[in-house]
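Remember, predicted model here, so these are calculated numbers, not experimental data. FYI, the numbering just counts along the sequence from 1.
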Amino acid sequence: MRLLLLCLAATSLAFECDSGRLLPPSHLNDGYCDCADRTDEPRTGACPDTSFVCTNWPDVRVRLPASRVGDGVCDCCDGSDEPDGRCEETCVENAARRAALLERACLQRAELAREGREGVEKDAAKLEQARALLEERAPEIDVLRDAMESASAQEAAMLAERQARLESGELDRALGIERLTNPMLLVALARLALASGIDGVDNLYDTILSRSEFGGECGMSSQWR
């Protein structure tokens with residue numbers, strides 16, 4: 001037997017366990033665990049704590065725990081995990097469904113890519129139109145910008161002039177504020193409040209005019225009544 005195994009090994013027909021033990025081809029996947037490393041039964045699951053590989057052609061290969069081999073449940077679409085004739089072979093149908101799903105996914109991806117390209121093209125066209133419109137309106141924009149800058153400069157100059165006149169006392173001299181007495185200023189403020197429609201100011205104004213210290217009926221010049 002040893003000689004036979006050596007001859008088989010020489011012709012590459014023997015199976016070698018990881019430990020170096022040689023087995024004849026008939027011992028491979030025969031339902032008996034011959035190798036200590038459990039490598040001689042990859043298709044049967046005869047060795048404990050090992051995996052069983054379903055070929056499932058033309059569908060995808062599946063690896064199962066050895067405990068699920070021969071348990072009465074068809075796990076492999078080719079039925080290889082159970083005794084012959086117990087399982088219906090469905091690998092072709094499974095592969096067809098998988099191919100159909102893949103085809104739909106590819107079509108959806110292509111459609112999304114097409115819509116994305118169209119969106120980019122539309123956005124590019126809108127951007128080009130906006131650039132053309134901006135270039136066309138550039139002279140008008142320049143005129144408006146110059147007008148706005150000129151108006152801002154004029155406003156700043158007017159504010160500066162007004163502030164300078166206020167600081168120089170020109171307004172006070174024109175109004176003759178330095179000639180007004182405190183009672184006269186108080187009456188003027190009351191009139192301003194009265195003109196603004198503030199509640200109760202009319203009574204305050206009459207009270208001010210009636211007080212002798214503010215001129216009374218005879219002491220206040222007629223121009224302040």
Side-chain angles (χ1 to χ4, degrees), residues 56 58-63 93-225:
N56 290 345
D59 201 9
V60 296
R61 292 163 61 92
V62 175
R63 184 178 295 274
E93 292 82 355
N94 292 350
R97 284 194 297 269
R98 195 183 303 276
L101 291 174
L102 180 60
E103 182 180 5
R104 280 201 299 271
C106 291
L107 290 175
Q108 291 176 355
R109 182 174 181 180
E111 180 65 17
L112 290 175
R114 184 188 63 79
E115 293 177 356
R117 287 193 300 270
E118 291 180 354
V120 170
E121 292 174 357
K122 290 180 181 179
D123 291 343
K126 291 180 181 179
L127 180 60
E128 190 61 30
Q129 291 176 358
R131 287 176 176 172
L133 181 61
L134 182 61
E135 185 176 354
E136 179 183 350
R137 298 291 179 84
E140 299 178 19
I141 295 174
D142 292 338
V143 171
L144 292 175
R145 184 186 297 111
D146 293 341
M148 184 175 64
E149 292 177 354
S150 176
S152 298
Q154 291 178 4
E155 183 180 5
M158 291 175 61
L159 290 175
E161 181 182 1
R162 180 180 179 184
Q163 184 65 28
R165 293 177 65 183
L166 288 174
E167 292 177 356
S168 67
E170 179 181 345
L171 181 61
D172 293 345
R173 291 191 298 271
L175 295 176
I177 293 178
E178 69 278 359
R179 297 192 301 273
L180 299 178
T181 63
N182 288 337
M184 295 169 69
L185 290 173
L186 183 59
V187 172
L189 291 174
R191 285 188 173 182
L192 289 175
L194 184 62
S196 300
I198 301 176
D199 293 339
V201 175
D202 50 350
N203 296 330
L204 175 63
Y205 180 68
D206 292 340
T207 302
I208 291 174
L209 292 181
S210 65
R211 299 288 297 273
S212 59
E213 59 267 29
F214 293 113
E217 291 294 331
C218 300
M220 183 70 68
S221 174
S222 61
Q223 64 178 344
W224 293 99
R225 298 191 181 178

Can you measure from [atom1] ([X]) to [atom2] ([Y]) and round to the nearest 0.5 angstrom?
X: Arg104; Y: Glu111; atom1: CZ; atom2: CD; answer: 15.5 Å
X: Ile141; Y: Glu136; atom1: CD1; atom2: CD; answer: 10.5 Å
X: Asp123; Y: Leu127; atom1: CG; atom2: CG; answer: 8.5 Å

So does Arg114 pair up with Glu118, basic N to acidic O under 4.0 Å?
->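 Yes, this pair counts.
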Do the non-hydrogen side-chain atoms of Glu149 and Arg145 ever get within less than 4.5 Å of each other?
->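 Yes, their side chains come closer than 4.5 Å.
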Using a 4.5 Å cut-off on heavy atoms from C-beta on, say whether the side chain of Arg131 contacts that of Leu134.
->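 Of all side-chain heavy-atom pairs linking Arg131 with Leu134, none is under 4.5 Å.
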Carefully, step by step, assess Arg165 and Glu161 under the rule side-chain contact (heavy atoms from CB on, under 4.5 Å).
-> CA-CA 6 Å; Arg165 293 177 65 183; Glu161 181 182 1; 4.2 Å; yes
Of all the heavy-atom pairs spanning Arg98 and Asp59, show the shortest one and how long it is.
->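 Closest pair (atom of Arg98, atom of Asp59, distance): NE-OD1, 2.9 Å.
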State whether the side chain of Ser150 and the backbone N or O of Ala147 hold a donor-acceptor pair below 3.5 Å, judged by distance alone.
->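 No; judged by distance alone, with no hydrogens or angles, the pair does not exist.
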Can you tell me if CD on Glu155 sees more than 12 non-hydrogen neighbours from other groups inside 6.0 Å?
->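 Incorrect, the count does not exceed 12.
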